[in-house]
Enquirer: 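Can you read through this structure? Questions will come right after.
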Protein chains: 2
Amino acid sequence: MSPAEHPPGAPDARRPTLNAVAALAGVGRGTVSRVINGSPKVSDRSRAAVERAIAELGYVPNPAARSLVTRRTDSVALVVPDAQTRLFSEPYFSGIIRGVSAGLADAGMRLLLVMVHDAKEYTRLAPYLSGQRVDGVLMVAVHSDDTLPDQLDALAIPTVLAGRRGDREPLGHVRADNRGGAEIAVRHLLAGGRRTVGTITGPLDMEAARERLDGYRQALRDAGAPVADELVANGDFTEEGGREAMRELLCGRPDLDAVFAASDVMASGAVLELRAAGRRVPEDVAVVGFDDSIVARHIDPPLTSVRQPLDEMGRTMARLLLDEIADRGAGRHAVVLPTRLVVRESS
Amino acid sequence: MSPAEHPPGAPDARRPTLNAVAALAGVGRGTVSRVINGSPKVSDRSRAAVERAIAELGYVPNPAARSLVTRRTDSVALVVPDAQTRLFSEPYFSGIIRGVSAGLADAGMRLLLVMVHDAKEYTRLAPYLSGQRVDGVLMVAVHSDDTLPDQLDALAIPTVLAGRRGDREPLGHVRADNRGGAEIAVRHLLAGGRRTVGTITGPLDMEAARERLDGYRQALRDAGAPVADELVANGDFTEEGGREAMRELLCGRPDLDAVFAASDVMASGAVLELRAAGRRVPEDVAVVGFDDSIVARHIDPPLTSVRQPLDEMGRTMARLLLDEIADRGAGRHAVVLPTRLVVRESS
DNA sequence: AAGCCGCGTGGGAGCGGTCCCACGGAGTTC
DNA sequence: GAACTCCGTGGGACCGCTCCCACGCGGCTT
């Protein structure tokens, strides 16, 4: 079929180029390029000839050659702090990644996974990402004092965050309605006849944790219930932190009959502590978590929890980023997606 | 400092090229290239001048330009079947990814995350990956009848698998000592005085599931215990599958006093079923799982489980792949890493 | 003194695309 | 029928690197 154009034993059969396609189709390189990029300025005849040649040769464009001239790489980086990699095993990450991946794939974009292993590496991340020449960056688990997003912004790299750093977040970001979710959770507890509802917060240097605390307070205020300081204990999103916070709450308010924890993992620690203290869940103390993570279904009793639309959050992040890449400024929106309460046996 | 080389309002400040570095350092392009790539054939004088120029300009090589000529992309793809994305939320994936990421980062390689959303997409994956021109591919959760690895191999794309498809796997792969892990688990149960040990298998079209079953049988044989058919029930790595398998076991052998489940998730289903049947864990029936996943710590009672060295598995996969990329054939090894039993309260 | 070696070096020739300019021919318009 | 469109087209000029060839030059031999 094909003449011996290269030595028989050539180890790496050279792949067909745009030039080869043009020659086979009997057109110029420009025309082939137009067909590939869906330009309308091509006659039906030429288009058909080119498409046939592409199919015959099994031609696939070389991304490197393309990006050399277009100055785009058609790829975006997802930055995952490794310290939080525990989170990686939470449905939170996997759900978001899934949505992101789907959203990017639809647009023909590639996803580069960048895990950051230590703090020193983190400080070099902006130049690194800039060197990789990704078209954009997605970040998760951003702390309030994190300046990496600003550095990226200064380098003119489109950036979208999962969650915001504060209430004046300049960058595009997507978050769940943490406040609303917390409100629903607490209202649910109150509606179940609970009178003394405590809360275990997340680390308050994360906006999501603050929002959940705000929602808790709001729900109590709406119900005309007092918001006592000793009903609030700080956790750090870990199980042990949840246990300690629960101990603190029980100590301050032995009359507690419900707890809203800002994460399932902390809720699970709280349940352990309650049991150790001889309280039954949910008879004596009702517990509600946040995230609807895998542990929620598996702990005893199964945990009522607030669920976030993770897949949609990921897709929305992808969309915002693509918008921002296409048109600087177009993706700088704050998107809030609704949460929903999944009621199980712990409340 | 620098003269106005481009219009003041230029939106996208052009980045310095190798040419600019050469000019500033007063050397030729070739010399700069040699310095960057660590060639020894450069005088100390030149090297110092080039390094100074690079630092001054903040030069970073353009990966696209480089890979256009080297025909390498310095990136590898990690293929994750989305159907298994549930697994993604297991420590299994996150642990492996973490190791892979660390191993690749050390070698300056990038990690492309490719999630496959449906079966149709899966059939197009080989050409897609070939089109992306990744230097290699890592695959997880490979079924025995999966031909994608062979397709990649035929396309001369270095490929390394997590787990093998059968006992004659031609490709490089890394796996935990599933058989040994299962043996330890069952021996542990027997050592605890259990007499009638059943097992809940994974889907037997996966080699890992078969190996764990083999280990179970081996341990029983070694102890001189009979390996009865009604002591083996098939699950599918899901919780519901675990429940059903447990039901089947209890029905066939009401005298059962221990179960080894080939995954924690199935074990958790088994525990639920046991409780529903009025059996206490571990008093009446001891349970051991596999994976030491996040649910193992959180179910009630906390689950004894077999742990795999995930981080090391990931790192080893990266290493094999890098070897294979550097030297075709050099990464086609079968690496088996040891497992270890984490004893908790369920046994 | 003439020849040879080998080291460090400069720079031409690509790699495989996109962009854009110029050009031929068919279809208007006056 | 000349002038003017407009549309599809071909191909030159890059994009920023690496590869490799050829060259100059100092130090050895003979």
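In this text, all values refer to a predicted model and were calculated from it rather than measured experimentally. Just so it is clear, the values below take in all heavy atoms, side chains as well, and ignore hydrogens, waters and symmetry mates. Below, chain A is the first sequence line, B the second, and so on; all start at residue 1.
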Enquirer: Taking all atoms of both residues into account, what is the closest heavy-atom pair of B:P158 and B:L321, and its distance?
Expert: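 Looking at all heavy atoms of both residues, the closest pair is O-CD1, 3.6 Å.
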Enquirer: Would you check if there is a donor-acceptor pair between the side chains of B:S130 and A:R15 at a distance under 3.5 Å?
Expert: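 Yes.
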Enquirer: Which atom names give the shortest non-hydrogen contact between B:I96 and B:A162, and what distance separates them?
Expert: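 That would be CD1-CB, 4.3 Å.
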Enquirer: Can you tell me if B:S43 uses its side chain to pair, donor with acceptor, with the backbone of B:S46 under 3.5 Å?
Expert: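 Yes, because the side chain of B:S43 sits within donor-acceptor range (under 3.5 Å) of the backbone of B:S46.
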Enquirer: When the distance from CZ of B:R45 to P of C:dG8 is rounded to whole Å, what number comes out?
Expert: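 These atoms are roughly 14 Å apart.
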Enquirer: Write down the distance between CG (B:N19) and C1' (C:dG11), rounded to a whole number of angstrom.
Expert: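 In whole Å, C:dG11 C1' and B:N19 CG are 10 Å from each other.
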Enquirer: So among A:V116, A:V142, A:L125, which one has a side-chain contact (heavy atoms from CB on, under 4.5 Å) with A:L148?
Expert: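 Among A:V116, A:V142, A:L125, the one meeting side-chain contact (heavy atoms from CB on, under 4.5 Å) with A:L148 is A:L125.
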Enquirer: First contact, last contact: which nucleotides of DNA chain D are these for chain B, 5' to 3', heavy-atom distance under 4.0 Å?
Expert: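 Terminal contacting nucleotides, 5' to 3': D:dG16 to D:dC20.
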Enquirer: If you assign B:V69 and B:G26 each to the DNA chain C nucleotide with the nearest heavy atom, which residue ends up on the more 5' nucleotide?
Expert: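 Between the two, 5'-proximity favours B:G26.
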Enquirer: Sequence neighbours left out, cut at 3.5 Å: what donor-acceptor pairs do the side chains of residues 54-65 of chain A make with other protein atoms?
Expert:
from  : atom 1 : to    : atom 2 : distance (Å)
A:N62 : OD1    : A:A64 : N      : 2.8
A:N62 : OD1    : A:A65 : N      : 3.3

Enquirer: Tell me, please, which residues at least two apart from A:D106 pass side chain to side chain contact (heavy atoms under 4.5 Å, CB included).
Expert: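 Applying side chain to side chain contact (heavy atoms under 4.5 Å, CB included) to A:D106 gives A:R315.
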Enquirer: For the atom pair OG (B:S94) and CG (B:L310), what is the distance rounded to the nearest 0.5 Å?
Expert: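 Between B:S94 OG and B:L310 CG, I get 7.5 Å after rounding to 0.5 Å.
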Enquirer: Quick one, which residues of residues 124-135 of chain B touch DNA chain D with a heavy atom under 4.0 Å?
Expert: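 Those residues: none at all.
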Enquirer: What are the residues of residues 54-64 of chain A, sorted by number, that bring a heavy atom to within less than 4.0 Å of DNA chain D?
Expert: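 Those residues whose heavy atoms fall under 4.0 Å from DNA chain D, taken from residues 54-64 of chain A, amount to none.
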Enquirer: Short of 4.0 Å, heavy atom to strand atom, which residues of residues 27-42 of chain B count as contacting DNA chain D?
Expert: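 The answer is B:R29, B:S33, B:R34, B:N37.
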Enquirer: Determine the sole option in A:D153, A:D323, A:D327 for which the salt bridge (Lys or Arg N to Asp or Glu O under 4.0 Å) test with A:R332 is passed.
Expert: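 Among A:D153, A:D323, A:D327, the one that satisfies the salt bridge (Lys or Arg N to Asp or Glu O under 4.0 Å) with A:R332 is A:D153.
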Enquirer: Test of understanding: with side chain to side chain donor-acceptor pair (under 3.5 Å), list the residues that count as partners of A:R47, not counting sequence neighbours.
Expert: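 For A:R47, no residue satisfies side chain to side chain donor-acceptor pair (under 3.5 Å) once neighbours in sequence are set aside.
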Enquirer: Determine to 10° how strongly the helix from C:dC4-D:dG27 to C:dC30-D:dG1 is bent, judged from the axes of its five-pair ends.
Expert: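 Roughly 50°, once rounded to the nearest ten degrees.
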Enquirer: Among all residues two or more places apart in sequence or in another chain, which pass the side chain to side chain contact (heavy atoms under 4.5 Å, CB included) test with A:E169?
Expert: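 Partners of A:E169 under the side chain to side chain contact (heavy atoms under 4.5 Å, CB included) test: A:L161, A:R164, A:R165, A:L171, A:H173.
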Enquirer: Applying side chain to side chain contact (heavy atoms under 4.5 Å, CB included), name anything that partners A:D44, two or more places apart in sequence or on another chain.
Expert: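 Result, side chain to side chain contact (heavy atoms under 4.5 Å, CB included) vs A:D44: none returned.
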Enquirer: Under 4.0 Å, counting only non-hydrogen atoms across every strand here, what does A:S67 touch: a base, just sugar-phosphate, or nothing?
Expert: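 A:S67: no heavy atom of the nucleic acid under 4.0 Å.
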Enquirer: Mind checking side chain to side chain contact (heavy atoms under 4.5 Å, CB included) for B:A107 and listing every partner two or more places apart, or none if nothing turns up?
Expert: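 Only B:M109, B:L322 meet the side chain to side chain contact (heavy atoms under 4.5 Å, CB included) criterion with B:A107.
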Enquirer: Verify side chain to side chain contact (heavy atoms under 4.5 Å, CB included) between B:S67 and B:T70, making sure each step is shown before the conclusion.
Expert: CA-CA 5 Å; B:S67 77; B:T70 59; 4.3 Å; yes
Enquirer: Quick one: list whatever passes side chain to side chain donor-acceptor pair (under 3.5 Å) with B:T17, sequence neighbours left out.
Expert: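 B:T17 satisfies side chain to side chain donor-acceptor pair (under 3.5 Å) with no residue once adjacent residues are dropped.
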